[in-house]
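Shown next, in structure tokens, is the structure this report addresses.
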Amino acid sequence: MSAVFLPAAFVLLLALVIGLALVMRAPARGDSLLVALLAATTGVAIILLLGEALGVRHAIDAALVFGLLAAVLGVAFVVRGWPPDERGHAEEERCR
Amino acid sequence: MSAALFDALLVLTIVALAWRALADPDLFRAVIRFIAMGLMMAVAWIRLQAPDVALAEAAVGSALTGALVLSGLARMKGSRAARRDCSGAATFALGLLALVLLAVVGAAALSLPAPGGLTAEALGALPRSGVTNPVTAALLNYRGYDTLLEVAVLLLAVIAVWSLDVAWTGGADLERSPMLAMLLRLVLPILVVAAGYLLWIGAFAPGGAFQGGALLAGGGVLALLGGLGKRLARHERALRAGLAAGLLVFAGVAGGTLGVTGELVGYPEASAKWWILLIESAALVSIGLTLASLYLGGRPGGLDAATGSGNPESTAHD
Amino acid sequence: MPVIEAISLALLAAGLAFFIAGTAALVRFPDLYCRLHAVTKADNVGLGLTLFALALRADSALDVVKLGLIWVTVLIASASVCYLIANEAHRRGVRPWTRTRT
């Protein structure tokens, strides 16, 4: 049963990497932060699954710290880190 | 087989993120990649079964440093790096040099003797060190002198940053942002309790003053983002006291032990646990305040307390 | 107990499915507001299911409490940050995607 956790962590990591690669090509600024949020949420899950697979005790604490500081990062971005979009006008999105 | 696959993907991701972070002329995206890379590094530390380092990396290496760099970026006028044109030959030569360096370092790392050099002695002395977490024992007992100097370096960092600029006085208006206020109200207590928890279990599980301090700093950053900076001038004394407390307590205890047992940072074995706890508690507060002060970006003394403007000319306090 | 293991496995699989769906949505959705939904809702459900699967295998009650705390924290953080980002984007004039805009 515990042999399933490492492949699960791999699947998550793969999904994250593909998401990272594809989203980071977009020029819009707000989307870039979504990538960081995605990395944080997925990272929490990957850490926990890895901890279970490898028998790392206290991986849970690392995941908790992850989650808490992802909140800090999100607020830091919105309040004091969101540069204006380069083109100077409203970001237009097109359906992919 | 699966482990090798996971490792390969992780390593490729980290390297790719690092490369794109450096190569992207859009600095904002580069910062985001840097943050993502920090998160992946924390995953790598867990993969290497080092939760202490993973804790520190997740807290400081990605979140706090990321917030710090984002704030720095926000203060810059433009956010595109100047693109330097490298000639093809120079790029090729540099690339080759980097590969050679990588090969040399890799060969050196692979030829290191198998771990076990001091492990036996370190674990053997654990019962006498006052704690049961070998990492904490190494940091605060066996190599306590190093940690003392590191705490001093942190204080120096704050002094350096403070001498460069005045504090940032922005921050959201919580009256008009009830969602942000709710987030702060809910998350700040969790941060403080988690920081205390990490401090306490640092004696026997991954954790300790540094990780706890990083969580406290996260709380400090949140408070600053909620507008605490405007009211900081009134608490400047307390802030400075807190910043210095860690170093003072640590140096005091270290010097004290010199008199009692004849060694710098040589705790008497019976009470080693309590001295370590005392030092870690003071260090927790200091580290939290230090990292938050770095985010503050400058000394609070130059504030005009009435209007909250950052004009260094107006030093009139209430 | 194999029953608990089976339930845990099923929850884990469901959690992975939500994660993949959320990440795919993040890539494919047409504008910032929709992508916020993907990241903060689908991924959180995936995380919750994964945490539940792990909680069933936890070693101690304290671990279960910590796992629950992780989920609560991530929920609070995601919900608030989602709102803050969307609000700020709206304030800056980012217009939602509408079908006529393709």
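Scope of the values below: all heavy atoms of this structure, side chains included, with no hydrogens, waters or symmetry mates. Nothing here was measured: the structure is a model prediction, and the numbers come from that model.
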Top contributor to chain A contacts, counting heavy-atom pairs under 4.5 Å, from B:L64, B:L12, B:I35, B:L9: B:L9
Interface residue of largest heavy-atom contact number with chain A, from B:S71, B:A58, B:G72, B:G66, under 4.5 Å: B:S71
Spacing of CZ belonging to A:F10 relative to CG belonging to B:L5, to within rounding of 0.5 Å: 3.5 Å
Interatomic distance, B:I201 atom CD1 to A:H58 atom NE2 [nearest 0.5 angstrom]: 6.0 Å
Report yes if the side chains of [X] and [Y] come closer than 4.5 Å at any heavy-atom pair, otherwise no.
{"X": "A:L69", "Y": "B:L215", "result": "yes"}
{"X": "A:L13", "Y": "B:M40", "result": "yes"}
{"X": "B:L225", "Y": "A:R80", "result": "yes"}
{"X": "B:L198", "Y": "A:V65", "result": "yes"}

Could you tell me which portion of [X] (side chain, backbone, both or neither) has an atom closer than 4.5 angstrom to a non-hydrogen atom of chain B?
{"X": "A:L14", "answer": "both"}
{"X": "A:V56", "answer": "side chain"}
{"X": "A:A9", "answer": "both"}
{"X": "A:I46", "answer": "side chain"}
{"X": "A:V17", "answer": "side chain"}

Examine whether an atom of [X] lies under 4.5 Å from a heavy atom of chain A, and if so say whether it belongs to the side chain, the backbone or both; otherwise answer neither.
{"X": "B:I32", "result": "side chain"}
{"X": "B:V221", "result": "side chain"}
{"X": "B:A194", "result": "side chain"}

Indicate the atoms forming the closest heavy-atom contact of [X] with [Y], along with that distance.
{"X": "A:L73", "Y": "B:A63", "value": "CD1-O, 3.4 Å"}
{"X": "B:A36", "Y": "A:L20", "value": "CB-CD2, 4.4 Å"}
{"X": "B:Y295", "Y": "A:A76", "value": "OH-CB, 3.8 Å"}
{"X": "B:L39", "Y": "A:A39", "value": "CD1-CB, 3.7 Å"}

Results of salt bridge (Lys or Arg N to Asp or Glu O under 4.0 Å) for B:E57 - residues two or more places apart only: none
Contacts of A:D61 that satisfy salt bridge (Lys or Arg N to Asp or Glu O under 4.0 Å) - sequence neighbours left out: C:K66
Residues from residues 44-51 of chain B approaching chain A under 4.5 Å (heavy atoms): B:I46, B:R47, B:Q49, B:P51
Positions in residues 178-189 of chain B that reach chain A, provided some heavy atom is under 4.5 Å away: B:L180, B:L183, B:V187
